[in-house]
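The structure under discussion appears below in the form of structure tokens.
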Amino acid sequence: MVHVPELDESERDQLLADHPEWSLARDGKAIERTFQFGNFSEAWGFMSRVALNAERLDHHPEWFNVYAKVEITLTTHDAGAHGGLSQRDIKMVRAIDSLV
């Protein structure tokens, strides 16, 4: 397993300041956001676009979808001793936020 550097506290704080719609989860080891769309088709289209970005960035979200709602959690399983946030998550947040 390749070790990925975990974000330090100031980098994590900057990520949240730059993307206030996201919030910390899992004791600061992940970030999450809920997206609400007008219908299932819009939600599914968004998820498809996120999936294409995830493949391009080789960083895949944990997500949950019910009808027009999509919940996304990002974490880097290879960061830190027990997973955490990394530059991979910053890139993925930027890619996701560019879609809405």
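As the structure is a prediction and not an experimental result, all values here were calculated from the model.
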Are the side chains of His59 and Gln87 in touch, meaning some heavy atoms are under 4.5 Å apart?
no
So does Trp63 have more than 12 non-hydrogen atoms from other groups sitting under 6.0 Å from CH2?
yes
Flag for Ser41-Asn39: side-chain donor and acceptor within less than 3.5 Å:
no
Are Leu74 and Leu52 connected in a single hydrophobic cluster, I mean Ile/Leu/Val/Met/Phe/Trp/Tyr linked by side-chain heavy atoms less than 4.5 Å apart?
no
One pair to check against side chain to side chain contact (heavy atoms under 4.5 Å, CB included): Phe35 and Leu99. What are the steps and the verdict?
CA-CA 11 Å; Phe35 298 84; Leu99 299 173; over 6 Å; no
So for atom NZ, which belongs to Lys91, do other residues, nucleotides or ligands contribute more than 12 heavy atoms lying within a distance under 6.0 Å?
no
Within the 4.5 Å heavy-atom criterion, are Val100 and Glu21 side-chain neighbours or not?
no
Test salt bridge (charged side-chain N to carboxylate O under 4.0 Å, His left out) on Lys29 and Glu6 and set out the steps.
CA-CA 9 Å; Lys29 299 292 187 183; Glu6 191 172 1; 3.0 Å; yes
Return the minimal non-hydrogen interatomic distance between Ala54 and Pro61, and the atom names on each side.
CB-CD, 3.9 Å
CH2 (Trp22) and CD1 (Ile96) are apart, to the nearest 0.5 Å, by 4.0 Å
So for atom CG, which belongs to Asp27, do other residues, nucleotides or ligands contribute more than 12 heavy atoms lying within a distance under 6.0 Å?
no
Linking I/L/V/M/F/W/Y whenever any side-chain heavy atoms sit under 4.5 Å apart, do Leu7 and Leu16 land together?
yes
Starting from the C-alpha separation in whole Å, work towards a yes-or-no answer on side chain to side chain contact (heavy atoms under 4.5 Å, CB included) for Ile31 and His19.
CA-CA 10 Å; Ile31 53 175; His19 302 276; over 6 Å; no
Once the angle between the rings of Phe37 and Phe46 is folded into 0 to 90°, is it parallel (under 30°), tilted (30 to 60°) or perpendicular (over 60°)?
tilted
So, Asp89 side chain and Ser86 main chain: donor-acceptor pair closer than 3.5 Å or not?
yes
Side chain to side chain contact (heavy atoms under 4.5 Å, CB included) for Asp18 and Ile90? Distances and angles first, verdict last.
CA-CA 10 Å; Asp18 292 344; Ile90 292 174; over 6 Å; no
Apply side chain to side chain contact (heavy atoms under 4.5 Å, CB included) to Ile72 and Met92, showing your working.
CA-CA 11 Å; Ile72 296 179; Met92 195 63 192; over 6 Å; no
The criterion is salt bridge (Lys or Arg N to Asp or Glu O under 4.0 Å); which residues satisfy it with Arg33, sequence neighbours excluded?
Asp97
Are there more than 12 heavy atoms of other residues, nucleotides or ligands under 6.0 Å from atom CD of Gln36?
yes
Ignoring hydrogens, what is the shortest heavy-atom contact between Thr75 and Gly84? Give both atom names and the distance.
OG1-O, 3.4 Å
Non-hydrogen side-chain atoms of Arg88 and Leu57 separated by less than 4.5 Å:
no
Tyr67 backbone acceptor or donor facing Asn65 side chain under 3.5 Å:
yes
Short side-chain to backbone donor-acceptor contact, Glu11 and Asp8, under 3.5 Å
yes
